[in-house]
Amino acid sequence: MSESLTDEQHAFLRHVRFGELPPPVRPEDRTASTETDPPRYQPDPTPGRYEQDLRSGG
């Protein structure tokens with residue numbers, strides 16, 4: 001049975017893996033942002049592609 005790590009051990013492992021965290025952004029330095037471009041993970045659909053994929057099983 002493996003024993004669970006303490007909070008200090010978890011903090012050390014996070015530091016080893018990710019290094020020093022940047023300082024938090026102060027509230028007065030924050031800006032509102034809006035996304036105007038389409039998401040990069042969702043390409044524009046090609047006309048008729050959905051139907052082709054359904055017919056081919058893809």
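Start at 1 with the first residue, then count along the sequence. What you see is a predicted model; the values in this text were computed from it and never measured.
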message: Count I, L, V, M, F, W, Y as connected when their side-chain heavy atoms are under 4.5 Å apart, and connections chain through other members. Are Phe12 and Leu21 then in the same cluster?
response: no
query: So with a 6.0 Å cut-off around CZ of Arg17, is the heavy-atom count from everything else above 12?
result: no
- prompt: Roughly how far, to the nearest 0.5 Å, is NE2 of His10 from OG of Ser4?
  reply: 6.0 Å
